[in-house]
Protein chains: 2
Amino acid sequence: MGEAAAGERRQRTDKQRNRTHILEVAEQFFTEQGITGSLDAIAKRAGVGPGTLYRHFPNREALLAALLQARDEELEARRVAIQREVTDSRAALTQWLQAMGEWVSAFDGLPDPLRAALTEGTSPLALTCQGFVTTTEDFLRAAQRDGYANPGVRGRDLFLSTLATAWARGAAMADESSPDALVSLMRTGWETPSSDEGPSAPQARVN
Amino acid sequence: MGEAAAGERRQRTDKQRNRTHILEVAEQFFTEQGITGSLDAIAKRAGVGPGTLYRHFPNREALLAALLQARDEELEARRVAIQREVTDSRAALTQWLQAMGEWVSAFDGLPDPLRAALTEGTSPLALTCQGFVTTTEDFLRAAQRDGYANPGVRGRDLFLSTLATAWARGAAMADESSPDALVSLMRTGWETPSSDEGPSAPQARVN
DNA sequence: GGCAACATGGAGAGAGTCTCCGTATTGCCA
DNA sequence: TGGCAATACGGAGACTCTCTCCATGTTGCC
């Protein structure tokens, strides 16, 4: 199962070259047009046949996963930096959520396959999503321990909220003035904190 | 510009019959498979040619808009009921948000065209969206006046959040246990209300 | 009943995804 | 360096979906 078993031919250089070039072209293409553009168009722009593209990346999600791997490592580095340098657990959680929000906004339309990967599990993006949930849970637990975050909230919920916020921003949202309104809504909610009822009842239904 | 100008033939009965039947079939189809299913398949199931379907509804959004019109009236009725019967402005806002959340979850995938309609304006769904924003603003203003809702929040933000929450629920989300976790997150946020800094500073960046 | 206006349906153009296999390129060994 | 087996390539083409066009069929009106 290793990737360099003895006695095997080494990978052909044209294959590696094509793979790299396709990734470069796809990165630019997705940045320009969002992740729903035609894969055949990417192949054409890369100067290869459709068959070559599909042999390297059997579907759009696989291509996306390969593309995101580099960025994944950047985010991992950012996570380590936050955990080392930010001692306030609330600020750490905030910064992590922002970093994750930027990551999932790398390409227009990216939140959709990520949400699908979160629930289906059969996607090459599933592992990445699971890692995000776990890391978010780490930051969240620390913030909850220090009393900065509500105890009922789960890491998965925060990740989903981050995805949903990025989704809502969408493509042509730039002209409108709700860039981080949803982020702060997710942080503080719409309801005013001072309740007239029980002092700290978690959430009674108002119906 | 009227729809019954004098001297014009009245609409053919087969046309009206086809239109109604297509709508019935589409309603069931979208309920089963979500809004991304093939329109030609709907035509076939309805026993008409593709041309007939596209003449009645030039694209998917037009079909969707016609389909949602009936439900739109239901929601309008619910709005009136809430405004009459619920005197507490916080409960009224909560109930309206829930009603709207159910409405935008009528079909799987519905939040996507609604968000698009919110920003593009050229969609037949745009008017509906605008109405929702306005109504949400009415309820929100009352809640803000009574001190139940944060003053910085806007109706548009709440509608977008409702859309985003419905989007996050998605299709295969039923097996997971975050049905209304996002709803309560949107209501109260993840942060604990008691701040150790200024008593009521709206939102200082923690970076 | 007959005609003009109207609506129908299905063939088909165009775009996109993905597969298959004959051909070209590469790595290895002598 | 030459030759061969393994490997990768390209692009034709099958399939699906959206949407259009116009010959044909149906309807409303007089």
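In what follows, chains are A, B, ... by sequence order, proteins preceding strands, each numbered from 1.
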Generate the contact string for nucleotides 22-30 of chain D. Rules: B means base contact, S means sugar-phosphate contact only, - means no protein heavy atom under 4.0 Å. ---BBBBS-
Taking atom types as modelled and ignoring hydrogens, do the side chains of A:Asp146 and A:Ser89 form a donor-acceptor contact shorter than 3.5 angstrom? yes
So, A:Asp112 and B:Trp167: side-chain donor and acceptor under 3.5 Å apart, yes or no? yes
Nearest-angstrom distance from the residue atom CD of A:Gln16 to P of D:dC9: 11 Å
On DNA chain D, more 5' by nearest nucleotide between A:Asn18 and B:Tyr54 is A:Asn18
B:Glu32: what forms a side-chain contact (heavy atoms from CB on, under 4.5 Å) with it, not counting sequence neighbours? B:Gln28, B:Arg45
So which of residues 58-66 of chain A are in contact with DNA chain C, with a heavy-atom cut-off of under 4.0 Å? A:Arg60
Using the six-membered ring of A:Phe30, assess whether NZ or CZ of A:Arg60 lies under 6.0 Å from its centre and within 45 degrees of the ring axis. no
Compute whether any side-chain donor of one residue and acceptor of the other, for B:Gln98 and B:Thr94, lie under 3.5 angstrom apart. no
Side chains of A:Thr188 and B:Glu191: donor-acceptor distance under 3.5 Å anywhere? no
Write down the atom of B:Phe57, the atom of B:Ala62, and the distance for their closest heavy-atom approach. CD2-O, 4.1 Å
If you assign each of B:Gly51 and B:Lys15 to its closest nucleotide in DNA chain C, which residue comes earlier from the 5' end? B:Lys15
Which heavy atom of A:Ala99 sits nearest to which heavy atom of A:Leu75, and what is that distance? CB-CD1, 3.8 Å
Under 4.0 Å from OP1 or OP2 of C:dA7: is there any side-chain N or O of B:His56 that close? no
Side-chain N or O of B:Thr52 closer than 4.0 Å to phosphate OP1/OP2 of C:dG9: yes
Give me the residues of residues 36-48 of chain A where at least one heavy atom lies under 4.0 Å from an atom of DNA chain C, by number, or none. A:Gly37, A:Ser38, A:Leu39, A:Asp40
Specify the angle, to 10°, made by the local axes at the two ends of the helix from C:dG1-D:dC30 to C:dA30-D:dT1 when five pairs are taken at each end. 0°
Hydrogens and angles aside, do B:Glu24 and B:Thr20 bring a side-chain donor and acceptor to less than 3.5 Å of each other? no
Would A:Arg154 count as a cation-pi partner of A:Phe159, with NZ or CZ less than 6.0 Å from the six-membered ring centre and within 45° of the ring normal? no
Please check this pair: side chain of A:Thr192 against backbone of B:Asn150, looking for a donor-acceptor N/O pair closer than 3.5 Å. no
Taking CD in A:Gln11 as the centre, count heavy atoms belonging to other residues, nucleotides or ligands within less than 6.0 Å. Is the count above 12? yes
Show every donor-acceptor pair shorter than 3.5 Å between a side-chain atom in residues 126-135 of chain B and any protein atom, with sequence neighbours excluded, or say none if there are none.
unit_1   : atom_1 : unit_2   : atom_2 : d
B:Thr134 : OG1    : B:Gln130 : O      : 2.9
B:Thr135 : OG1    : B:Gly131 : O      : 3.1

